[in-house]
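Below: the structure, in structure tokens.
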Amino acid sequence: MRRLGIDTGHEHVVYLSKDSPICRSEGFGAHSRLELRVGMQRVLATLNIVREGLLGVDEAGLSESAWLSLSPGPDERVIIAHPPSVDSLASVRAKIHGQKLDEAALHGIIRDIVGNRYSSIEMAAFITAAGADRLSLDEVVALTKAMVQTGTQLHWRQPLVVDKHCIGGLAGNRTTPIVVAIAAELGLTIPKTSSRAITSAAGTADTMAMLAPVDLDEAQIRRVVETCGGCIAWGGAMNLAPADDMLIRIERALDVDSAGQLVASVLSKKIAAGSTHVVIDVPVGPTAKVRDQAEAAALATLLRQLASAFGLQLRVLISDGTQPIGRGIGPALEAHDVLAVLRNEPQAPVDLRAHALTVAAAVLELGGVASADSSLAMATACLETGRAWQRFQAICAAQGGMRTPGKADYQQAVPAARPGCVSAIDNRRLSRVAKLAGAPAAPLAGLTLDAHLGETVAAGQPLFTLHAQSPGELAYAMEYVSRHPCIVCVEESS
């Protein structure tokens, strides 16, 4: 075996020479599924065929994921064989033909996905077959249950455990650190596990990682929660509903995100984390994930139905998704916004502060520590008196020590070409620009929004400012901006 150092994500790949005798004798070709065995370790892998020069006929090259899963010793050999049949694929084919799947069938599919017995193509087939709202409520319940049962499940001694989640599709909107600090300070238990960016410029875990360590295992999370009442950790280290992360990668590549799969994805994570009461934020806007009020209402209904099936107390907030929340887009820039709000700084983004308080108030009300009439005032007082900031610092210390986010060396403002009023902001293209500037891989990169909807701007006034860690990334982002001049649209005054 040879470790080729090729990152294929989570899909195991094996590479063989086109002249390999095993390919001729067994009829293996490109994209064949093979079983690899090294001692007691077994994985299924997809075959790629390479031409002359890279591998000898007696060598098998392994992708990083395959190498790490097999953990071979020096000069250890691998047995390559035809894989055992994956029976659950029959259920995928049944779904393709419009049949309803029962709990056993869906559990079999998810079990095999988590066991890495599905290739990316086979997962894409399942996602497509179950997309476009082809899942009944019973199937969504069964899918959620399977996703929970095939991963780690946390259980807490506290009878009431709160959580919050945003459906996404909106740049910025980094309310989680603020909400967790307020809820924990006011006596609720909130073990928040969050994701890293998949297609966005920053996930909550990316932003929090600028402020404190987030790669916590179960024992560390329990210690932080017992000490501080809450945490903000990366969920990927916990193996909570692992099928969700695997399916999301394929869904993003296909740009497919049906309501049933979305709801199963969101609530499976919450149930696996041991939550009993959850607030879901659904931003609605023309360039957000949820485009209109009718879609939001249908999604809210499905969320409530699924939550009821699992005994989960749920509150859905429909919020404004017409523009980013806060100024920063990118891990460090969003972290600066969070700190400004928690520290009650005069320049703190007003919209981020207001929305975080709205979500926090809903969490306090759902968690039973405040009434509908007093929850917002209670959350606001907790923030304004500095109690939330003190609690956040304690959480950061318990997670391994608080950090100070830096700033990128290269910045360039994108000015308004003419005077007028900001009439539209394209959330998706703003996120695209922030990613081209380097975020989230370059954590100091991204952009800051300098003008919001309805604001009057003069010609030459900055609409947004790019931040990059290298001049090349800054130039690349600016080239995209030059080809898309209406990312932040200015309508001339009449």
Side-chain angles (χ1 to χ4, degrees), residues 5-14 31 33 43-48 62-69 86 88-89 92 95 106 109-132 134-135 140 143-144 146-148 150-152 165-169 193-207 209 214-215 233-270 272-273 289 331 428 431-432 434-435 439-441:
I6 299 174
D7 183 358
T8 57
H10 287 257
E11 183 166 7
H12 302 321
V13 179
V14 58
H31 299 297
R33 294 287 281 167
V43 301
L44 293 186
T46 300
L47 173 62
N48 282 356
L62 298 182
S63 67
E64 280 297 284
S65 61
W67 182 274
L68 294 173
S69 294
V86 182
S88 67
L89 285 172
V92 174
K95 192 62 187 173
L106 283 161
I109 291 170
I110 296 302
R111 180 193 62 235
D112 286 337
I113 288 173
V114 172
N116 284 308
R117 288 182 279 275
Y118 274 37
S119 67
S120 294
I121 293 172
E122 290 161 344
M123 283 194 285
F126 170 64
I127 289 166
T128 305
R134 295 190 184 95
L135 294 176
V140 177
L143 176 61
T144 305
M147 292 168 73
V148 171
T150 50
T152 301
H165 179 80
C166 179
I167 291 298
T193 58
S194 298
S195 61
R196 294 190 183 274
I198 299 172
T199 60
S200 65
T204 297
D206 298 309
T207 298
V214 296
D215 296 346
W234 174 51
M238 291 294 300
N239 198 42
L240 302 174
D244 178 46
D245 297 322
M246 301 171 77
L247 291 171
I248 282 175
R249 282 188 289 272
I250 306 299
E251 288 170 352
R252 293 295 182 262
L254 293 173
D255 197 19
V256 171
D257 199 4
S258 71
Q261 292 167 326
L262 172 62
V263 169
S265 168
V266 171
L267 293 192
S268 65
K269 291 283 193 185
K270 303 306 171 190
K289 182 179 290 186
R428 295 179 180 223
S431 292
R432 175 69 171 156
K435 289 190 290 181

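Nothing here was measured: the structure is a model prediction, and the numbers come from that model. This chain uses plain numbering: 1 for the first residue, then up along the sequence.
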Legend entry - Nearest-0.5 Å distance that lies between atom CD in E11 and atom CZ in R249: 10.5 Å
Inset, instruction - Indicate yes or no: at least one non-hydrogen side-chain atom of V14 is less than 4.5 angstrom from one of L62. - result: yes
Inset, instruction - Could you pull out the closest heavy-atom pair between L106 and L143, with the gap in Å? - result: CD1-N, 4.0 Å
Legend entry - R134 side chain vs G260 backbone, donor-acceptor pair below 3.5 Å: no
Inset, instruction - Under the side-chain contact (heavy atoms from CB on, under 4.5 Å) rule, what do N116 and V43 come out as? Steps first, then yes or no, please. - result: CA-CA 7 Å; N116 284 308; V43 301; over 6 Å; no
Inset, instruction - Can you measure from CG (L89) to CD (E122) and round to the nearest 0.5 angstrom? - result: 4.5 Å
Legend entry - Distance in Å, L135 CG paired with K95 NZ, rounded so as to fall on 0.5 Å steps: 5.5 Å
Legend entry - Donor-acceptor pair between S258 and Q261 side chains, under 3.5 angstrom: yes
Inset, instruction - Report yes if the side chains of I127 and L247 come closer than 4.5 Å at any heavy-atom pair, otherwise no. - result: yes
Inset, instruction - Check whether any side-chain heavy atom of V114 sits under 4.5 Å from a side-chain heavy atom of M147, and report yes or no. - result: no
Legend entry - Inter-residue atom distance L68.CG - H12.NE2, 0.5 Å rounding: 9.5 Å
Legend entry - Closest non-hydrogen atom pair, A202 against S200: O-OG, 3.0 Å
Inset, instruction - Would you check if the side chain of S194 reaches a backbone N or O of A205 as a donor-acceptor pair within less than 3.5 Å? - result: no
Legend entry - Closest non-hydrogen atom pair, A241 against A272: N-CB, 4.3 Å
Legend entry - From OG (S265) to CG (D245), nearest 0.5 Å: 8.0 Å
Legend entry - Close side-chain approach of P440 to R196, heavy-atom, < 4.5 Å: no
Legend entry - From M238 atom CE to D215 atom CG, the distance as rounded to the nearest 0.5 Å: 12.0 Å
Inset, instruction - May I ask you to test the T193-K269 pair for a side-chain heavy-atom distance under 4.5 Å? - result: no
Legend entry - Residues D244 and S268: side-chain donor-acceptor under 3.5 angstrom: no
Legend entry - Considering all heavy atoms, the nearest P242-T150 contact: CG-O, 3.6 Å
Legend entry - Beyond-backbone contact of V92 with Y118, side-chain heavy atoms, under 4.5 angstrom: yes
Legend entry - L47 side chain near H31 side chain, heavy-atom distance below 4.5 Å: no
Legend entry - Stepwise side-chain contact (heavy atoms from CB on, under 4.5 Å) test for I6 and E64: CA-CA 6 Å; I6 299 174; E64 280 297 284; over 6 Å; no
Inset, instruction - Considering non-hydrogen atoms only, spot the tightest contact between S88 and D112 and give its length. - result: OG-OD2, 2.6 Å
Legend entry - CZ (R117) with more than 12 external heavy atoms under 6.0 Å: yes
Inset, instruction - Indicate yes or no: at least one non-hydrogen side-chain atom of T8 is less than 4.5 angstrom from one of S65. - result: yes
Inset, instruction - Would you name the heavy atoms of L262 and K289 that are closest together and state the gap between them? - result: CD1-NZ, 4.4 Å
